[in-house]
> 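Sharing a structure with you now.
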Amino acid sequence: MLLRLLVTFLWLILISQSKLDSCEHWIKQLGDLDFFTEAQIRMVCMHQKEWVKDRDEEAGKKFLEVTTDNQLKYLRHVEQCTRENCVRDARRKRRAISKSIRKEIRMMSPAEVRDLGIAMNGLKNRQIDNITAWDLHTLVHYPDSAPGAHWGPAFLPWHREFLRQFEIALQTEVPTVTLPYWDSTLDQGLPDESDSVLWTDELLGNGNGYVKTGPFANWDTNVFMPLSQIPVKKLYRSTGGREQDRLMTPKDANWIITRKNFSQLTFCHDKTFESMHGLSHVWVGGFMYVIRVSPNDPTFYMHHAFIDNLWEKFRQNSQTREERENQWATKNCNDNHGFDVQMKPFTIQNRDGLSNQYTDEWYEYQPVRHCSEQDATCDSPFYWCDMKLWRCRSRVVYGGNCTGYEGTQICYNSVCSQGKCVVPPRVRSATKSRIEDGNMGFKEVVWAKTVMLDKDGKGIEDELSRIVITDLETNQTQIVFHSGETEYPEIPGTVYLSIPKPRGGKMSRVSLEARDQFGRYCQAQCINSTSERYQVCQPFLNISLNSEHSSPVSFTHSMSSRTFLDLDLSVHPRQMRPEMPYIVFACSRKLVTSAMIKQAAELVRAPVSHENYVFFRVAVFREETSSYQIEVSPYSDVGPIFSSSIEKAASAFDPNIVFVQAPNPELHREGVRVRVSILSNNNRVQCQIKCTEKDGSMHECNGDVDLHTDTTLSQEDVFTSDPHSLPVLGWNMKGHPSIWRHKMPFLTFHC
């Protein structure tokens, strides 16, 4: 038994060492080139191993166990249509004979972008038995379906065929559509590449978290996102979310198109090209991060169209027509990458993917025309001319980072000032007026809190930062704005959510869409009660009086009390700390961590009160017909006697709770001792007086109370100088209202 354990242990060491050695081999081969960091090489190495693992484990069957006859018929039809260049056109009912002109996505007209979105959504919504047409194309890319799609010489021809079939599928939805490409070298080198105009509502939608804007907003996926700590089954991105990742550079592109032989672009001869292609996959993140599921994101097809474009430039630059169709690698990596081997799962062979027919008859790429000293213009409003490089580059979004480019045209619909793309004040003012126009409020509401944070985890305090609240029952919307400068106990960046009031045991369901002051989408993060960490979440809230059916949100019907939500007012003022709400919004292209979110609340401290007096509570149980006064007498000469009728000083919510006044212990280092008495016609009433200690025990006492800044010396912990907090003083208002708890006052009178 011991020998078996020892052998198993040594085998595990050898296996782990072999994996390490194989990646070390990659580092030795690729480390000599000035293209990759060691971390990037290891990342690509592990992706290759993951692909092989998924192939051997038949990962596709976890996606779709059995492909139906209708699904196979659809895929075969698309492949046949690719060979014949046929496009369904119900109006003309004939074959289209013109070549598709593939443009860089930012060179497309608004109408072309709109039609592309229509076609892609058409595939996404087209059901073929138990799966959509889009997801079927994704399944084709799985390693057990396409074992030769990656890590060998078939990589380029396989994806050329795959893209062409996908383009044909798009044209069955909108006949005039062509597949665009994403030239990531136009974004590379921007002050913050994730601020590229590409990741906006007008083009590909937001890149920070769940895709909630643009033509692919709220797309479902047929599988959970791999490697995620939370279950994600919606289209998701994390553009530039990790500092070590990068996009392809002009230097990368030039290296590719200047190779001398096809084999130099193939994995077993030189790992460089296929490794380069993976950089943009990882930079986009989310579903793009893992190769087999990357076609869930439309960005995949545009990225691979760019890779195909670079390959075609190499073919035109370095090969004759005959060489383009016949050059192959001498090292095939494995049997799936042979020249005359079937290009699984298609019916053609790998050699067919080299055919000149693709670009002779079916499509061609329209190059990006770069600016020059003779013509300093670019062919798209999404480009600007960088006169230092004489290149057209992607513009940066409003609110984005433009550091070092003041005085240039880098900003989209804005100007670069002090390192940020901004607009004049008059435009901001007009923007808010336009947003507010027609903004209707819900009739009856409850209030909840959220916080909007920037990339550094600091609260956004700008009147243009806002949240659109949609009642999912009625589809009615309301927009709420940041209300201005925050005051304690508010956390900087606090926004109050007005949510339809739940009635008759029913639940209110709302969706939230947060935008920062620049109109950029903000990603929701919710606290996980198990791990006590914030994590990315869908921006939906269920509000119910029943905590079992409600999101764990603190809410109140009282507008005056909403300030104190997520706060424990049953502790000493020195111990009072606001807590982050259940849901917050990170308005950043980069990852805002749970620690950063929590720190925003931890930095909030109660200001030292310099008011002369504080309020504290006394419980007084008396006959309803009695007319009593309450009196508070300081022992030393620290302030006057406080006196009031009990009816006047009693809480509006609980007539047995009376608010009284005493000198502020913050102004008296030794603390304050007072005696509380109940009077009738200026005569002391003999009442039973009980004191409740901090451990919950009760005993008879004489009505004396010590108030002190030191919690260990203060008999009554619950006091405040803020009269606005009196209705909720003594309440712990953290979490759902059903779990709020009220702390008894130190003094209780039974008269």
Side-chain angles (χ1 to χ4, degrees), residues 104-110 113 182-208 213-214 237 239-241 246-247 249-250 283-284 368-373 375-435 452 454-456 458 460-466 514-522 586-590:
E104 210 278 332
I105 176 71
R106 284 160 285 208
M107 292 172 60
M108 298 174 78
S109 69
V113 173
W182 166 37
D183 183 347
S184 51
T185 69
L186 303 180
D187 307 284
Q188 188 276 329
L190 293 175
D192 190 334
E193 293 156 350
S194 56
D195 282 335
S196 166
V197 73
L198 187 71
W199 310 106
T200 59
D201 303 18
E202 294 176 74
L203 294 171
L204 298 187
N206 64 286
N208 56 328
T213 70
R237 299 173 181 143
T239 52
R246 72 167 178 88
L247 292 171
T249 68
W283 185 90
V284 173
V368 174
R369 182 190 65 81
H370 286 288
C371 54
S372 65
E373 292 185 53
D375 185 358
T377 63
C378 298
D379 294 336
S380 168
F382 298 117
Y383 298 155
W384 67 288
C385 177
D386 187 341
M387 296 182 184
K388 292 181 181 179
L389 304 174
W390 290 115
R391 277 179 55 85
C392 289
R393 303 177 69 186
S394 179
R395 280 196 155 130
V396 169
V397 294
Y398 171 42
N401 184 351
C402 60
T403 302
Y405 292 93
E406 288 80 358
T408 71
Q409 300 297 312
I410 190 173
C411 295
Y412 182 65
N413 290 340
S414 50
V415 294
C416 184
S417 177
Q418 298 180 340
K420 182 163 285 190
C421 293
V422 298
V423 295
R426 59 180 175 77
V427 176
R428 276 177 51 90
S429 179
T431 299
K432 185 168 187 184
S433 297
R434 176 174 50 80
I435 295 170
M452 297 178 67
D454 66 14
K455 63 183 178 63
D456 299 315
K458 296 179 180 177
I460 297 175
E461 301 197 86
D462 189 290
E463 64 176 4
L464 271 180
S465 57
R466 69 263 187 193
R515 301 267 181 163
D516 68 9
Q517 66 269 40
F518 306 109
R520 298 178 299 184
Y521 177 77
C522 305
C587 304
S588 170
R589 297 297 194 270
K590 305 295 185 184

> Should the pair Tyr405 and Trp384 be assigned to parallel (<30°), tilted (30 to 60°) or perpendicular (>60°) ring geometry?
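Rings of Tyr405 and Trp384: perpendicular, as their planes differ by over 60°.
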> Work out which heavy atom in Arg369 is nearest to a heavy atom in Thr377; give both atom names and the distance.
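So the minimum-distance heavy-atom pair works out to NH2-O, 3.0 Å.
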> Does the plane of the ring in Phe518 sit parallel, tilted or perpendicular to the ring in Tyr398? Use 30° and 60° as the thresholds.
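Correct class here is perpendicular.
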> Minimum heavy-atom separation for Pro250 and Gln188, please, with both atom names.
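For Pro250 versus Gln188, the nearest heavy atoms are CD-OE1, 3.7 Å.
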> Assess the cysteine pair Cys392 / Cys385: is their SG-SG separation shorter than 2.5 Å?
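Disulfide absent: SG-SG distance not under 2.5 Å.
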> Within the distance-only criterion (no hydrogens, no angle test), does the side chain of Asp462 pair as donor or acceptor with the backbone N or O of Leu464 below 3.5 angstrom?
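Yes.
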> For the backbone of Pro381 and the side chain of Arg395, can you confirm whether one donor and one acceptor N or O come within less than 3.5 Å of each other?
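Side chain of Arg395 to backbone of Pro381: a pair is present.
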> Roughly how far apart are Ile105 CD1 and Leu203 CG, rounded to 0.5 Å?
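Nearest 0.5 Å value for the CD1-CG distance: 6.0 Å.
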> Asn208 side chain to Ser588 main-chain N or O, any donor-acceptor pair under 3.5 Å?
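The answer is yes, because a donor-acceptor pair under 3.5 Å joins these two groups.
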> Could you walk me through whether Glu373 and Trp390 pass side-chain contact (heavy atoms from CB on, under 4.5 Å), step by step?
CA-CA 7 Å; Glu373 292 185 53; Trp390 290 115; 3.3 Å; yes
> Rounded to the nearest 0.5 Å, what separates atom CG in Asn206 from atom OG1 in Thr200?
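Rounded to the nearest 0.5 Å, the CG-OG1 separation comes to 10.0 Å.
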> Nearest 0.5 angstrom please: Met452 CE to Gln517 CD, how far?
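One gets 7.5 Å once the value is rounded to the nearest 0.5 Å.
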> Identify whether the distance between the nearest side-chain nitrogen and carboxylate oxygen of Lys455 and Asp192 falls below 4.0 Å.
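Looking at Lys455 and Asp192, the cut-off is not met.
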> Is the closest side-chain heavy-atom distance between Cys371 and Met387 below 4.5 Å?
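Heavy-atom side-chain distance check fails, nothing below 4.5 Å.
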> Just by modelled atom types, is the Val396 backbone N or O under 3.5 Å from a matching donor or acceptor in the Asp195 side chain?
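No; judged by distance alone, with no hydrogens or angles, the pair does not exist.
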> Walk me through it: do Glu463 and Arg428 pass the test side-chain contact (heavy atoms from CB on, under 4.5 Å)?
CA-CA 10 Å; Glu463 64 176 4; Arg428 276 177 51 90; 4.1 Å; yes
> Identify the heavy atoms of Leu389 and Arg393 that sit nearest to each other, and give their distance.
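Heavy atoms of Leu389 and Arg393 come nearest at CD1-NH1, 4.0 Å.
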> Would you check if the side chain of Asp516 reaches a backbone N or O of Cys522 as a donor-acceptor pair within less than 3.5 Å?
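Checked: no pair found.
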> Looking at Cys411 and Cys416, are the sulfur gammas closer than 2.5 Å to each other?
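The sulfur gammas are not closer than 2.5 Å, so no.
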> Does Asp183 offer a backbone N or O that forms a donor-acceptor pair with the side chain of Glu104 under 3.5 Å?
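Side chain of Glu104 to backbone of Asp183, a donor-acceptor pair under 3.5 Å: yes, one is there.
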> Measure from the side-chain N and O atoms of Arg520 to the backbone N and O of Val397, and report whether any donor-acceptor pair falls under 3.5 Å.
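Such a contact is absent between Arg520 side chain and Val397 backbone.
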> Distance check, rounded to the nearest 0.5 Å: Ser184 atom OG versus Arg246 atom CZ?
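So the OG of Ser184 and the CZ of Arg246 are separated by 9.5 Å.
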> Going by heavy atoms in the side chains, are Arg515 and Thr213 under 4.5 Å from each other?
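A side-chain contact exists here, since the closest heavy-atom pair is under 4.5 Å.
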> Any heavy-atom pair between the side chains of Trp199 and Val284 that's under 4.5 Å?
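Yes; the side chains approach each other to less than 4.5 Å.
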> Is any side-chain heavy atom of Arg106 closer than 4.5 Å to one of Leu198?
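Touching, per the 4.5 Å side-chain cut-off.
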> Would you give the length of the straight line joining atom CD of Glu202 to atom CG of Asn413, rounded to the nearest 0.5 angstrom?
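The CD atom of Glu202 sits 7.0 Å away from the CG atom of Asn413.
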> Quick check against the 3.5 Å criterion: does Ser465 have a side-chain atom that pairs as donor or acceptor with the backbone of Glu461?
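It does not hold such a pair.
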> Would you check, one step at a time, whether the test side-chain contact (heavy atoms from CB on, under 4.5 Å) holds for Val422 with Val415?
CA-CA 5 Å; Val422 298; Val415 294; 4.2 Å; yes
> Does any N or O in the side chain of Ser414 come within less than 3.5 Å of the main-chain N or O of Tyr412, such that one atom is a donor and the other an acceptor?
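Such a contact is found between Ser414 side chain and Tyr412 backbone.
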> How about CD on Gln409, more than 12 heavy atoms from neighbouring residues, nucleotides or ligands closer than 6.0 Å, or not?
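12 or below, so no.
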> Between Leu204 and Arg237, what is the shortest heavy-atom contact and its length?
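Between these two residues, the closest heavy atoms are O-NH1, 2.8 Å.
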> Taking the side chain as every heavy atom from C-beta outward, state whether His370 and Leu186 have any atom pair closer than 4.5 Å.
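They are in side-chain contact.
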> How many angstroms lie between atom CZ of Arg589 and atom OG of Ser196, to the nearest 0.5 angstrom?
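Going from CZ on Arg589 over to OG on Ser196, the span is 9.5 Å.
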